[in-house]
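FYI, the numbering just counts along the sequence from 1. Every value quoted in this text rests on a predicted model; they were computed, and no experiment measured them.
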Amino acid sequence: MPSTPKKAFSFETLACTEGHTLRDPLTQQPMHSAIGPTTEAMQIYLGPLKIADRLSRPGPPLVLWDVGLGIAGNAAAAVSLEAGVRALEIHSFENELGGLEAALESIERFPHLRPIESNCRELLNSQQTRVGPHRWLLHRGSFLDRMADAPAAEAIFFDFYSPRVCGALWSVPVMQAIRTHCPQTVLATYSAATPVRLALLLAGWWVGRPGG
């Protein structure tokens, strides 16, 4: 019996200041801003959450939730940091892996993936891989369904598509569920929209700007 062909997604490639990103064919949203995946990751996630500083302090592996794997821009930036005293344990959550698969097919346009191409392919095939001292795991499916499979995070990159596209994932119940599972975590996201800030506040988070 012939196998069922995979559903095709025609991602549009968009040029950035550094490399490229993709536009999702279903939501019509680009996965990154014009500055590109790596700079965006550093400015919005790794820098504000002081990931490099956290890795320089003795302790167990830093459990990091990468919520919205996309084309692995945030995870790639995290594992590219200079080795510290601690290792990373990255838990990436993603419902649709077509974006990363498409980026790997045109990897010459995505410089952030080149050093970890084999790791990305292993992650897709086996749901886990190692990048130097770092452990990287993939949780595929609904974020709310898979959240319980991961240990509590010390830091969270929250990088779903915008509330306009997937508002339920930015809701008070989701933010409450994260806070309950990870009571000692810090979370960074790109959205400063009023509904997002309100959902965080109603769920019991302290909300502020990086460095504030």
* Asked: Would you say the side chain of W170 lies within less than 4.5 Å of the side chain of S162, judging by non-hydrogen atoms?
  -> no
* Structure fact -> In short, side-chain hydrogen bond (donor to acceptor under 3.5 Å, both in side chains) pairs touching residues 51-76 with sequence neighbours left out are D53-R57, R54-E154, D66-S92, N74-D159
* To do: Report the C-alpha separation of E101 and L124 in whole Å, then their side-chain angles, then the decisive distance to 0.1 Å, and conclude whether the side-chain contact (heavy atoms from CB on, under 4.5 Å) test is met.
  => CA-CA 8 Å; E101 292 168 346; L124 291 172; 3.9 Å; yes
* **Exercise: do R197 and T194 side chains pair donor with acceptor under 3.5 Å** => yes
* Side chain proximity check, S106 to T13, heavy atoms < 4.5 angstrom -> no
* Asked: How long is the gap from CZ on R146 to CD on E94, to the nearest 0.5 Å?
  -> 12.5 Å
* Among residues two or more places apart or on two chains, list those pairs meeting ring pair (Phe, Tyr, Trp, His ring centres under 6.0 Å) that have a residue in residues 13-59. => Y45-F157
* To do: Would you kindly confirm whether L198 and V196 end up in one hydrophobic cluster when ILVMFWY residues are joined by side chain heavy atoms under 4.5 Å apart?
  => no
* Asked: Relative to each other, are the rings of H139 and H91 parallel, tilted or perpendicular (30° and 60° limits)?
  -> parallel
* Asked: Less than 4.5 Å apart, any side-chain heavy atom of L69 and any of F93?
  -> no
* Any side-chain heavy-atom pair of R130 and R135 under 4.5 Å -> yes
Return a table of donor-acceptor pairs under 3.5 angstrom between the side chains of residues 172-180 and protein atoms on other chains or two or more places apart.
| from | atom 1 | to | atom 2 | distance (Å) |
| --- | --- | --- | --- | --- |
| R179 | NE | G204 | O | 3.1 |
| R179 | NH2 | G204 | O | 3.1 |
| T180 | OG1 | Q176 | O | 2.9 |

Only pairs under 3.5 Å count here: list side-chain donor-acceptor contacts from residues 75-82, not counting sequence neighbours, and write none if there are none.
| from | atom 1 | to | atom 2 | distance (Å) |
| --- | --- | --- | --- | --- |
| S80 | OG | A77 | O | 2.7 |

* Do M31 and V165 share a hydrophobic cluster, counting only Ile, Leu, Val, Met, Phe, Trp and Tyr and linking them when any side-chain heavy atoms are less than 4.5 Å apart? -> yes
* To do: Might you confirm whether atom CD of Q184 has over 12 heavy atoms from other residues, nucleotides or ligands at distances under 6.0 Å?
  => no
* To do: Taking salt bridge (charged side-chain N to carboxylate O under 4.0 Å, His left out) as the test, write out the residues that go with R109, two or more places apart.
  => none
* Under 4.5 Å between any side-chain heavy atoms of L169 and V67, yes or no? -> no
* Asked: For F160, what residues pass the ring pair (Phe, Tyr, Trp, His ring centres under 6.0 Å) criterion, not counting sequence neighbours?
  -> F143, F158
